[in-house]
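Let me begin by presenting the structure, written as structure tokens, before commenting on it.
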Amino acid sequence: MSRTIRFNAFDMNCVAHQSPGLWRHPEDRSWDYNTLDYWVDLAKALEVGGFDGLFIADVLGTYDVFAGTDEAAIRQGAQIPVADPLLLVSAMAHATEHLGFGITAGTGFEHPYPFARRLSTLDHLTRGRIGWNIVTGYLPAAARNMGEVDQLEHDARYDHADEYLTVLYKLWEGSWERDAVRRDKDHGVFADPAKVHHIGHRGEHFSVPGIHLSEPSPQGSPVIYQAGASPRGVKFAAENAEAIFVGAPTKDILRKLVTNIREQLVRAGRGAYDARIYTLLTIITAETDEAARTKAEEYQRYASAEGALVFMSGWMGIDLSRYDLDEPIGNVESNAIQSAVAAFQQASDTGKEWTIRDIAAWGGIGGMGPVLVGSGDSVAEQLLEWAEETDVDGFNLAYAVTPGTFTDVIEHVVPALEARGAYDREYVPGTLRHKLFGQGDLLPDHHRGASFRVGGANSTVDDSLRHGAGVQA
């Protein structure tokens with residue numbers, strides 16, 4: 001086989017991540033999310049399975065679009081309560097050697113200066129296995145609780161994120177030269193001040209004159225993840241992302257998304273395959289097709305229609321409680337995730353327009369992504385069809401129950417893919433960036449962020465500010 005399937009595990013530091021109601025299933029451990037044992041055990045299992053990484057989602061806010069209140073979200077445990085994802089990484093990294101960690105954090109409500117240090121710290125502690133999933137935010141509750149009336153308009157959030165990332169690139173790439181740390185005991189010089197530069201950033205949203213607080217980490221900039229699929233989001237991803245997450249209910253929709261992203265990568269001056277594209281998907285598998293179907297039917301009995309509509313309302317920015325269950329979704333403008341609206345406005349494989357009831361049934365397990373059901377061999381063949389027909393690189397696997405869904409995939413699907421020459425459990429040595437692309441630990445020279453490297457095309461090193469000269473306290 002010429003194509004190799006790649007997997008990420010998709011989880012969140014909460015109870016009901018993508019499958020609301022399944023926390024009630026006797027085999028589900030998602031309620032154990034606030035213990036290190038859960039996360040360390042999961043990380044070890046994923047590494048045995050050869051997963052690229054554990055991608056941990058996050059939201060800062062509650063899903064309160066449905067019926068204009070957060071009561072249904074609280075009742076269903078729909079991503080609330082939710083804990084910080086970054087604090088999980090050190091323990092998991094210590095227990096593994098190769099597994100990558102993609103951590104979600106938003107650009108809307110934290111200044112980039114301390115955030116840059118936090119990511120560099122994790123890159124050091126993981127020996128270069130950290131990635132950052134950039135989100136601009138979409139829940140109105142997050143904005144309100146940070147003192148704003150609402151989120152910025154969709155495209156304005158990306159304009160703000162552009163400058164946010166510019167500051168980070170300057171700190172990660174343009175402040176400390178790679179050989180700035182000397183550790184010269186004989187001369188009493190730990191780091192060479194001539195090789196540590198103030199970035200002198202003054203922009204519309206941020207003023208950051210000083211140096212980065214961390215010495216150069218293994219990757220410099222962490223691997224950049226991004227999940228926006230609107231036109232503005234795809235442009236942002238094409239300029240920055242090294243791993244891009246998409247979600248589509250059908251192969252036809254996914255093929256169009258992937259084709260567009262690859263075209264946008266080329267327009268941004270990069271190669272069409274300079275970013276790995278993963279699509280959201282859930283697998284329910286067992287020893288036989290019949291056993292897998294029985295398992296799926298059992299899971300479906302625990303799924304919560306209310307919880308699904310809570311999620312869909314938040315993702316689409318539409319209060320779905322106001323619609324009749326059999327009403328078509330219609331044409332909707334949204335300030336939330338526009339890709340969600342676009343996906344459900346398109347026809348399904350049968351040509352039938354989606355209704356509110358269809359959305360609730362679809363979202364009961366696995367959120368916005370499709371669900372594949374079958375034996376390891378059956379699922380392996382389906383995965384290869386999706387990959388061949390859409391040109392997607394891999395799959396961001398959500399769970400029905402955790403860790404059972406992931407361990408089932410490792411037990412049944414991974415060996416079936418290996419038998420077809422379509423999966424490789426052996427990790428490439430080195431950093432996450434090196435594992436994903438087979439070369440280089442740092443951002444490649446043609447990446448936007450590398451241009452901010454000391455001496456790069458966009459370098460704005462301001463040595464007149466060295467030692468604080470000209471800077472007011």
Side-chain angles (χ1 to χ4, degrees), residues 2-6 8 52 55 102 107 131-136 138 154-159 161-162 165-166 169 221 223-281 315 333-334 336-349 368-370 383-396 433 436-440 443-452 457-458:
S2 59
R3 181 175 290 276
T4 299
I5 299 295
R6 312 184 75 100
N8 274 307
D52 285 344
F55 174 49
T107 58
W132 171 36
N133 176 43
I134 304 171
V135 293
T136 62
Y138 58 90
H154 182 274
D155 287 6
R157 295 203 302 270
Y158 279 104
D159 294 340
D162 272 332
L165 201 49
T166 294
Y169 285 145
S221 296
V223 172
I224 302 298
Y225 293 56
Q226 217 271 323
S230 66
R232 183 65 179 89
V234 170
K235 180 179 184 295
F236 183 84
E239 293 171 347
N240 298 286
E242 300 168 273
I244 299 174
F245 296 112
V246 297
T250 69
K251 284 183 279 189
D252 182 57
I253 294 173
L254 178 60
R255 181 177 63 253
K256 293 174 182 177
L257 285 173
V258 172
T259 298
N260 181 46
I261 289 170
R262 300 223 187 270
E263 291 173 351
Q264 293 297 326
L265 284 165
V266 173
R267 290 178 185 175
R270 304 170 66 192
Y273 294 88
D274 280 358
R276 301 294 187 192
I277 304 175
Y278 299 81
T279 191
L280 176 64
L281 187 140
W315 293 335
E333 290 295 328
S334 169
I337 301 179
Q338 292 185 354
S339 57
V341 178
F344 288 113
Q345 284 175 338
Q346 297 185 56
S348 68
D349 284 337
M368 296 257 308
L383 291 172
L384 289 170
E385 289 176 6
W386 275 78
E388 290 293 340
E389 294 180 27
T390 69
D391 197 29
V392 76
D393 293 301
F395 300 91
N396 204 30
R433 183 171 285 117
L436 289 176
F437 299 101
Q439 57 185 3
L443 284 174
D445 289 342
H446 57 276
H447 188 280
R448 177 197 169 205
S451 67
F452 293 96
N458 292 331

* To do: Enter the distance from Ile277:CD1 to Leu265:CG here, rounded to the nearest 0.5 Å.
  => 6.5 Å

* Is a donor on one side and an acceptor on the other found under 3.5 Å between the side chain of Arg433 and the backbone of Ser221? -> yes

* Looking only at heavy atoms, which two atoms of Pro444 and Ala450 are closest? And how far apart? -> O-CB, 3.2 Å

* Asked: Any side-chain heavy atom of Asp159 sitting closer than 4.5 Å to one from Arg232?
  -> yes

* Taking all non-hydrogen atoms of both residues, which atom of Asn133 and which atom of Ala227 are closest, and how far apart? -> OD1-N, 4.0 Å

* Are Glu263 and Val266 close enough that some pair of their side-chain heavy atoms sits under 4.5 Å apart? -> no

* Minimal non-hydrogen separation, Gly369 against Leu280, with atom names -> N-CD2, 3.5 Å

* Close side-chain approach of Thr279 and Leu257, heavy atoms under 4.5 Å -> no

* Asked: NZ/Lys256 to OG1/Thr250 distance, rounded to the nearest 0.5 angstrom?
  -> 8.0 Å

* Asked: Going through the distances and angles, do Asp52 and Arg276 end up as a side-chain contact (heavy atoms from CB on, under 4.5 Å)?
  -> CA-CA 11 Å; Asp52 285 344; Arg276 301 294 187 192; over 6 Å; no

* **Side-chain H-bond candidate by donor/acceptor type, Asp393 with Tyr273, under 3.5 Å** => no

* State, yes or no, whether a side-chain contact exists between Trp386 and Pro370 at a heavy-atom distance under 4.5 Å. => yes

* Asked: Rounded to the nearest 0.5 Å, what separation is found between the CG atom of Asn396 and the CZ atom of Phe55?
  -> 6.0 Å

* Test item: Arg448 and Thr166 side chains (from C-beta on) under 4.5 Å apart, heavy atoms -> yes

* Aromatic ring pairing Phe245/Tyr278, orientation class (parallel under 30°, perpendicular over 60°, tilted between) -> tilted

* Run the side-chain contact (heavy atoms from CB on, under 4.5 Å) check on Leu436 and Arg6 step by step: do they pass? -> CA-CA 10 Å; Leu436 289 176; Arg6 312 184 75 100; 3.9 Å; yes

* Asked: Is a side-chain N or O of Arg262 found less than 3.5 angstrom from the main chain of Asp391, in a donor-acceptor match?
  -> yes

* To do: Supply the atom-to-atom distance Ile244 CD1 to Tyr225 OH, rounded to the nearest 0.5 angstrom.
  => 12.5 Å

* Asked: Would a 4.5 Å heavy-atom cut-off, applied to side chains only, mark Arg157 and Phe236 as touching?
  -> no

* What are the two closest non-hydrogen atoms of Ser230 and Tyr158, and how far apart are they? -> OG-CE1, 4.3 Å

* Glu385 and its salt bridge (charged side-chain N to carboxylate O under 4.0 Å, His left out) partner, picked from Arg255, Arg3, Lys251 -> Lys251

* Asked: Closest heavy-atom contact between Ala268 and Ala238?
  -> CB-O, 3.5 Å

* Is the shortest heavy-atom distance from the side chain of Asp162 to the side chain of Glu239 under 4.5 Å? -> yes

* **CD on Glu242 to CZ on Arg270, rounded to 0.5 Å** => 6.5 Å

* Asked: Taking the side chain as C-beta and beyond, is there a heavy-atom pair between Phe452 and Leu165 under 4.5 Å?
  -> no

